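Structure first, commentary second.
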Amino acid sequence: MTQLRSIALVMESEIDVEPFLRMAETSPGVTLHRFRSGEEALRILRDAPEGAPNLLVVTYDLPVMNGGALVSQLWRMPLLKRLPAIVIVPPRCDQAIIQRLLQIGPIHVIEGGDSRAEWFDRVGQIFQYWRMVHLQAN
């Protein structure tokens with residue numbers, strides 16, 4: 001079974017990152033790579049073939065480029081074309097946005113929470129999703 005070892009987080013908000021830091025603390029061997037924008041993620045991940053993450057978690061609302069556009073561009077890179085991707089959309093997101101995301105490819109969409117407790121629950125769902133994907137693949 002593939003082990004979760006590296007998560008690329010593309011999130012502008014410090015508050016959104018906090019539960020990932022806590023989850024990683026209780027998941028030995030997991031490294032988080034934080035990017036504050038899609039442009040930063042593209043620039044760094046393009047030049048890091050040895051350090052490619054094995055999970056991408058992106059918030060939809062990013063400055064300049066939305067999360068779906070970022071995933072689409074990353075998947076054009078040979079090393080990242082099979083990278084599992086999760087896009088976090090705002091609570092009660094327009095279904096048209098979710099449908100456009102799903103048309104890009106095998107993206108898992110998770111709705112963000114209205115409260116901190118809900119957000120921590122969503123982060124737990126992300127870790128569970130990743131484990132499920134890799135259990136099925138192996």
Side-chain angles (χ1 to χ4, degrees):
M1 174 175 56
T2 303
Q3 295 296 312
L4 178 58
R5 62 184 185 281
S6 178
I7 301 173
L9 296 175
V10 187
M11 300 178 170
E12 186 178 24
S13 167
E14 296 295 329
I15 294 170
D16 290 345
V17 173
E18 180 188 355
F20 286 95
L21 295 172
R22 288 190 186 181
M23 189 71 69
E25 288 173 357
T26 61
S27 301
V30 173
T31 303
L32 298 177
H33 302 279
R34 162 84 185 288
F35 305 100
R36 296 178 194 283
S37 70
E39 294 81 10
E40 179 186 19
L42 284 170
R43 184 181 69 251
I44 293 171
L45 291 174
R46 174 180 47 237
D47 297 333
E50 296 297 320
N54 56 353
L55 177 63
L56 175 65
V57 181
V58 180
T59 51
Y60 180 77
D61 295 325
L62 290 170
V64 182
M65 146 187 341
N66 71 49
L70 172 61
V71 171
S72 182
Q73 287 190 35
L74 287 171
W75 281 352
R76 291 183 192 137
M77 298 176 191
L79 187 65
L80 301 174
K81 68 181 178 182
R82 297 186 59 154
L83 180 64
I86 298 170
V87 177
I88 302 167
V89 297
R92 295 166 299 287
C93 183
D94 184 331
Q95 288 300 306
I97 291 172
I98 293 172
Q99 290 306 312
R100 282 194 299 272
L101 287 170
L102 295 174
Q103 289 173 357
I104 294 170
I107 292 175
H108 186 73
V109 177
I110 292 180
E111 195 172 279
D114 285 322
S115 68
R116 284 182 53 79
E118 285 179 321
W119 180 235
F120 273 84
D121 181 58
R122 299 305 190 273
V123 172
Q125 289 175 20
I126 289 169
F127 274 75
Q128 289 174 352
Y129 165 79
W130 190 92
R131 289 181 184 110
M132 178 189 70
V133 166
H134 284 282
L135 284 173
Q136 290 177 355
N138 294 304

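Computed from heavy atoms alone, side chains included, the values below leave out hydrogens, waters and symmetry copies. Small disclaimer: the values here were computed from a predicted structure and weren't measured.
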ILVMFWY network linking Ile97 to Val10, side-chain heavy atoms under 4.5 angstrom: yes
Leu42 reachable from Leu101 in the ILVMFWY side-chain graph, under 4.5 Å edges: yes
Of all pairs that satisfy side-chain hydrogen bond (donor to acceptor under 3.5 Å, both in side chains), the ones with a partner from residues 87-99, not counting sequence neighbours: Arg92-Asp114
Residues that Arg100 engages under salt bridge (charged side-chain N to carboxylate O under 4.0 Å, His left out), provided they are two or more places apart: none
Electrostatic pair Arg22-Glu18, nearest N-O below 4.0 angstrom: yes
Ionic contact status for Arg34 with Glu14, cut-off 4.0 Å: yes
Taking side chain as C-beta onward, heavy atoms only, is [X] less than 4.5 Å from [Y]?
X: Arg76; Y: Lys81; answer: no
X: Ile44; Y: His33; answer: no
X: Ser6; Y: Leu32; answer: no
X: Ser72; Y: Ile104; answer: yes

N/O donor-acceptor pair under 3.5 Å between Trp119 side chain and Pro19 backbone: no
Considering all heavy atoms, the nearest Trp75-Ala85 contact: CZ2-CB, 3.7 Å
